[in-house]
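Below, read A as the first sequence line, B as the second, and so on, with proteins coming before strands; counting in each chain starts at 1.
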Amino acid sequence: MEQELLRILRTLDSPAHLTQAHARLLAAGLAATPRLLPALGVPPNGFTFTFLLRACALLGLPRPCGCVHGQIVRCGFGSDVFVQNALMDVYYRCGGGGAGGVGAARQVFDEMVDKDVVSWNSIVGVYMSSGDATGAMGLFEAMPERNVVSWNTVVAGFARTGDMVTARTVFDRMPSRNAVSWNLMISGYATSGDVEAARSVFDRMDQKDVVSWTAMVSAYAKIGDLDTAKELFDHMPVKNLVSWNAMITGYNHNSRYDEALRTFQLMMLEGRFRPDEATLVSVVSACAQLGSVEYCNWISSFIGKSNTHLTVALGNALIDMFAKCGDVGRAQSIFYKMETRCIITWTTMISGFAFNGLCREALLVYNNMCREGVELDGTVFIAALAACTHGGLLQEGWSIFNEMVEQYNIQPRMEHYGALEGRWDGVIGARTSMRNWGIEKVPGSSLIQVGSEVHEFLAKDTRHERRKEIYETVDGLMALMRHTEQTPWGLFVASIVVIQCLIGQQLCKSNMGKGIFPVVLQLYHAEVAVLMSRCCFIVTTQTRMNFTFVRAGGKDSHWTKWWSQLTVAIIILGALFYLLCSPKLEQGSEAGLLLLLGGAEDSLASAQSSWSSF
DNA sequence: ATAGGGTTAG
C-alpha cells in the first residue's frame, strides 16, 4: 500500500496534482507517515532549519543538532547567514553553556563565509554568558561594525556578573542608547543591591517603559522597601502581567503573603490580564505559607478550571501547598500527575509527608527516587534525614546518611548532623541536659504575655506587625550561618543567637509592661536544632521552639533604647568571649564540642532559672 | 535571528 502510493506520488508532475494528492492523503489520515510526507516534495528553506534548530535548542540535545547540521550542509544552507546564526546559538546551548559549547559555537562562527552584525553579536554574547569577559571584549573590539545590540550585549554581560563599574564604563562609551541599555543598568544595579544607583539611572532616563518601572518595583521589593515599591507600582503609566507578578512576588519575599493574595485579587478584578505560570506559582506559594485551607481550595480549583499546564515549578508549588495545609493526599496526586519531576519535586514530596507525620511514606518516596536514578543533591538528604528523625527511625536515618556519604559522595554539612539529633547523644547526653535545664517547658509555648498584651506566634506566622524584622533577622542569621559554616564564625553567630534568646527571656521577665525590646526573634525547630547542636544542647525536632522577645505597648521609651544598647554590648562581649575561648576549635570534633560545652555551660547555668520558671 | 523586567522546596 505504502509502496504503491509512493510510486503514484513520484509520477505527479504539476503542483495542482500534488495538492490534490496531499488533500487525499490528509483525508485518509496518511499525511504524517514518515515515508510519504517527504515524497510530497516540499523542499526545505531557511525557515525550516531555523525552526528545526530552535526545537533542538529547546530539547538541549547535541545529537540531533549534528544531524540537522548535516542536513543544512547537504541542502545547500551552509552559507545562509540566518541559518548559520541559529546554528551557532544552538551549538552553544547544547554544550550546556560550558567551554564545549563555546568552542562549538566559535567553530561555526569561524567557518561562516558571510558574517553579519548578528553573527558578531551572537558570538560576543556566547563568550559573555560563558563568563569569559576578556574573550568577549576581544571579539567586541574586533567587530567590523557595531549596533546598539552589540553594546547592550556587553553591558548585559558585565551587569550579570555584578561588575557594574565596567558595565558603567561601557554604558558611558555608547554612541547611542535605547531603552534596553538603560534598563540593563537599572536591573544590574538592582541585583547588585545598589537601589540608589538604580534609582538615579531610572530618574535620568527619559524613555522609561514598562520594563524600567517593573525593574524598579522589584528592586525596592528586594530590599524590603515595599512602601516605595507599591508607590511606584501605583504610579506606573502602563502595567503588564510581569509588573503584577513583580508586585506579588515582592510581597512574598517580604513574608506579606496576605497582601500578595490581595494584589492578585486586584489583578483579577481589573480583568485585563490572565495569570500565567509565574503568577500562579507565586500565588500558590503564598497560599502555602498562609496554610489557609480556603485559599488553597480556591486557587487549586481556579487552576483546575483554567486548564493550565502543570509545569514542574507549578507542580512543586502545589505539592508544597497541599502538604502545608495538611492535605497530603492531594499533594501526592499532584506528584503522580506530573510528567517531569526535578530534585525539588522529590524534596518537596518527602518533606511534605514528613511534615504531616507520615515518615514511612516519606521514606518510600526516597526509595522510589533512588530507584529512578535521579541525580541527588545535599538538600534532599536533609529532608530524608529529617523524616527519619521525625518518625524516630534512627536506624534508617543512619543508613541513609551512610548511603549519602559512600554511595552518592555527598559531603555531610552541618544541616545533615542537625537533622540527625542522635548524633550528639553519646557526646553530651543532650536529652538529660535538656531536662536538667528545664528547656522542655519553654518550647511549645507560642503565646507570650507581656504586661496586659498577649503575643501569639504560630508556625511561619504572617500576622505579627513586626514580622518583617522577624524574618529579616532570621534570614540574615541563616545566611550568615550558611556563609560561615565549617569555620569558627559559625560558632560566633550561634552564640549570638543563644545569648539573644537568653537575654530576651530575662528582659521579658524583669520588664513586664515597660516596653522592652524592639527585636522579635522567632526560630523554628530545624534551625534551632542546628544552632543549638553547635552550642552544646539539642532540641528534639518534634518540638517547635519559639524564642520571642516582644516589646509591649508599642511605644518607644528611653527604657527601650537603654535596653537595646545594653543588649548589644552584652552580645558583643559574649561573642568575644566565645571567640577567645574557642579560637582553634575544629568543627565537628568531639574535643572541640566538649571544650565549647565547658564554656557554654557556665553562661547557660546562670540562665537556667529563668528558662524553667518562664 | 542577537540585548532588558516577574517563577517553586529545604
Side-chain angles (χ1 to χ4, degrees), chain A residues 46-47 50-51 53-54 80-90 116-126 128-129 147-157 159-160 177-188 190-191 209-219 221-222 240-250 252-253 275-286 288-289 311-321 323-324 342-352 354-355 377-386 415 418-419 478 524 526-527:
Chain A
F47 287 100
T50 41
F51 285 122
L53 286 167
R54 189 185 285 243
D80 183 307
V81 73
F82 269 69
V83 175
Q84 294 297 305
N85 288 343
L87 193 62
M88 185 159 60
D89 181 53
V90 165
D116 64 1
V117 208
V118 178
S119 328
W120 282 92
N121 290 347
S122 302
I123 196 71
V124 170
V126 162
M128 267 299 180
S129 45
N147 61 14
V148 69
V149 179
S150 330
W151 288 92
N152 288 345
T153 307
V154 174
V155 174
R160 230 189 342 256
R177 306 179 185 97
N178 63 9
V180 177
S181 330
W182 290 87
N183 291 339
L184 279 166
M185 294 303 289
I186 293 174
S187 65
T191 42
D209 61 9
V210 63
V211 177
S212 333
W213 286 89
T214 308
M216 280 316 298
V217 167
S218 57
K222 208 169 282 166
N240 63 14
L241 183 57
V242 179
S243 326
W244 285 96
N245 289 351
M247 198 63 231
I248 294 169
T249 56
N252 270 357
H253 284 147
D276 68 355
E277 196 213 346
T279 326
L280 294 176
V281 166
S282 307
V283 173
V284 167
S285 87
Q289 299 292 333
T311 57
V312 180
L314 188 55
N316 295 347
L318 282 170
I319 292 174
D320 186 50
M321 180 185 81
K324 287 231 172 82
C342 68
I343 190 65
I344 297 174
T345 320
W346 293 97
T347 309
T348 312
M349 194 64 250
I350 292 171
S351 350
F355 187 86
D377 64 2
T379 312
V380 75
F381 279 100
I382 297 174
L385 294 174
E415 288 93 331
M478 290 306 134
Y524 300 112
E527 290 87 2

Phosphate contact (B:dA9 OP1 or OP2) by A:Gln289 side-chain N/O below 4.0 Å: yes
Short side-chain N/O contact from A:Lys324 to OP1 or OP2 of B:dG10, under 4.0 Å: yes
Rounded distance in Å - [atom1] ([X]) to [atom2] ([N]):
X: A:Asp89; N: B:dA3; atom1: CG; atom2: P; value: 7 Å
X: A:Asn183; N: B:dG4; atom1: CG; atom2: P; value: 11 Å
X: A:Met247; N: B:dT7; atom1: CE; atom2: C1'; value: 16 Å
X: A:Arg160; N: B:dG5; atom1: CZ; atom2: C1'; value: 15 Å
X: A:Asp276; N: B:dG5; atom1: CG; atom2: C1'; value: 13 Å
X: A:Leu241; N: B:dT7; atom1: CG; atom2: P; value: 12 Å
X: A:Glu277; N: B:dT7; atom1: CD; atom2: P; value: 12 Å
X: A:Leu314; N: B:dA9; atom1: CG; atom2: P; value: 12 Å

Please work out if [X] contacts a base, only the sugar-phosphate, or nothing of the nucleic acid, heavy-atom cut-off 4.0 Å.
X: A:Thr348; value: sugar-phosphate
X: A:Leu184; value: sugar-phosphate
X: A:Val210; value: base
X: A:Asn178; value: base
X: A:Asp320; value: sugar-phosphate
X: A:Asp377; value: nothing

Qualifying residues under side-chain hydrogen bond (donor to acceptor under 3.5 Å, both in side chains), relative to A:Ser285, sequence neighbours excluded: A:Asn252
Non-neighbouring partners of A:Ser119 that pass side-chain hydrogen bond (donor to acceptor under 3.5 Å, both in side chains), sequence neighbours left out: A:Asn85, A:Asp116
Side-chain donor/acceptor contact of A:Asn240 with base of B:dG5 under 3.5 Å: yes
Whether A:Asn178 side chain and A:Ser181 backbone form a donor-acceptor pair below 3.5 Å: yes
